[in-house]
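What follows is a single structure, written as structure tokens, with notes after it.
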Amino acid sequence: MRQELALGDVTISFLTDAGAADTPTSDAPAAGAARPTVVFLHGLAGSAAEFLPTAAALGAGYNSVLVELRGHGRSTRHPADASREAYVRDVIAVLEHLNASESTEPAGVALVGQSMGAHTALLVAAARPDLVRMLVLLEGDVQSSPPEAAERIGGYFASWPVPFADAAAASAFLGDSVIGRAWLADLEPCEGGLRPRFEPAFLQASIAALHAQARWEEWENLTVPTAAVFAPDGMFDEERKLAFLEARPGTLRVDLGAGSHDAHLDATAEWSAVLGDLLSRLDGDGPVRWDWD
């Protein structure tokens, strides 16, 4: 079910019970038990749709909530504020909204993010650990990058020849990669054809804010049980992964056997199985411990 939350000049759209129509996995809570809430945060230029296959794999044993971050999906298209703090405020507001409903019993959620969504999730958990029982980061870290990186990303999205005349024209430009197909599926009708559900200038401002400051302090002092999941063809080399993990020794590292930076799209089955295993640790309302091989 799609819901909207008005937050000042921004409206945040999110889907609840995204996997409710599907069969629960064998590791999901038994029928009649309280269903843990799992909140997903997509990456830059993404939307809730990217995590629909994951929610379907988890099934109805979990209340899967797919948030569309500001400037993305069906949330406000071009807010004035692209800061990290604004993204974090939005997600905290959604979590507080969910936590006020019976669907999140026991209190606290599993917060799952990919790429920029992982960065946002980490900052949310650092700011409000009372709202998060478990943190799962897919292809995320906390290092900063030079301004040129954000400029390249913004330039790429600005180069899209929009509006695309039709789906065939969009497909020819975006290509047949998993992320290209995801972008294609998420285009919206507009005058003259189809356009993405984001503004390139806002994406550039968002990623520039993310790259501007390393977040080692928040990461090192994080108290929420956290798993960092990496794909073999992802964005980070081994040196960068080790620097990230060594800064917070209690983190559980999980290496997928396949997949790219968008492993939730091109290694969906393995990623979903790993996530299901992690989420099985949420059974009951006790502390989460990484106590298995």
Heavy-atom closest pair, residues [X] and [Y]:
X	Y	result
Pro53	Thr268	CB-CG2, 3.8 Å
Ala267	Gly259	CB-CA, 3.9 Å
Ala209	Ala82	CB-O, 3.7 Å
Leu265	Ala182	CD1-CB, 4.1 Å
Val67	Val39	CG2-CG1, 3.7 Å
Leu278	Ala227	CD1-CB, 3.9 Å

Are any non-hydrogen side-chain atoms of [X] and [Y] less than 4.5 angstrom apart?
X	Y	answer
Val65	Thr37	yes
Trp219	Leu122	yes
Val91	Leu69	yes
Phe230	Leu245	yes
Thr226	Leu137	yes
Ser75	Ile12	yes
Leu138	His264	yes
Val274	Leu256	yes

**Prompt:** Are Gln3 and Thr16 close enough that a side-chain donor and a side-chain acceptor fall under 3.5 Å?
**Reply:** yes
Using a strict cut-off of less than 4.0 Å between a Lys/Arg side-chain nitrogen and an Asp/Glu carboxylate oxygen, indicate whether [X] and [Y] qualify as a salt bridge.
X	Y	value
Arg77	Glu188	yes
Glu68	Arg2	yes
Glu220	Arg248	no
Arg128	Glu218	no

**Request:** Applying side-chain contact (heavy atoms from CB on, under 4.5 Å) between Val124 and each of Leu131, Leu111, Leu135, report the one that passes.
**Result:** Leu111
Which of parallel (below 30°), tilted (30 to 60°) and perpendicular (above 60°) describes [X] and [Y]?
X	Y	value
His72	Phe202	perpendicular
Trp160	Tyr156	perpendicular
Trp216	Phe244	tilted

**Request:** Go through the steps for Phe198 and Trp183 under the test ring-ring contact (aromatic ring centres under 6.0 Å, His included), then give the verdict.
**Result:** CA-CA 11 Å; Phe198 52 74; Trp183 286 330; 7.2 Å; no
**Prompt:** Under a 4.5 Å side-chain heavy-atom rule over Ile, Leu, Val, Met, Phe, Trp and Tyr, are Val254 and Leu242 clustered together?
**Reply:** no
**Asked** With a cut-off of 6.0 Å (strictly less than), are more than 12 heavy atoms of other residues, nucleotides or ligands near CD of Glu239?
**Response** no
**Request:** Count the heavy atoms belonging to other residues, nucleotides or ligands that lie under 6.0 Å from CD of Glu217, then report whether that count exceeds 12.
**Result:** no
**Prompt:** Residues two or more places apart in sequence or in another chain: which of them pass salt bridge (charged side-chain N to carboxylate O under 4.0 Å, His left out) with Arg74?
**Reply:** none
**Prompt:** Which residues pass the salt bridge (charged side-chain N to carboxylate O under 4.0 Å, His left out) test with Glu4, sequence neighbours left out?
**Reply:** none
Distance, nearest 0.5 Å, that separates [atom1] of [X] from [atom2] of [Y]:
X	Y	atom1	atom2	value
Asn99	His97	CG	NE2	11.0 Å
Thr120	Arg70	OG1	CZ	11.0 Å
Ser13	Leu66	OG	CG	10.0 Å
Glu139	Met235	CD	CE	7.5 Å
Leu184	Phe164	CG	CZ	8.5 Å
His211	Arg84	NE2	CZ	10.0 Å

**Request:** Using the six-membered ring of Phe236, assess whether NZ or CZ of Arg240 lies under 6.0 Å from its centre and within 45 degrees of the ring axis.
**Result:** no
**Asked** Picking from Thr54, Asp262, Asp266, what satisfies side chain to side chain donor-acceptor pair (under 3.5 Å) with Trp271?
**Response** Thr54
**Request:** Walk me through it: do Asp17 and Arg35 pass the test salt bridge (Lys or Arg N to Asp or Glu O under 4.0 Å)?
**Result:** CA-CA 10 Å; Asp17 268 355; Arg35 295 186 306 148; 2.9 Å; yes
**Request:** Step by step, work out the side-chain hydrogen bond (donor to acceptor under 3.5 Å, both in side chains) result for Glu199 and His78.
**Result:** CA-CA 7 Å; Glu199 293 290 342; His78 198 164; 5.0 Å; no
**Asked** Do Phe51 and His42 have their ring centres less than 6.0 Å from each other?
**Response** no
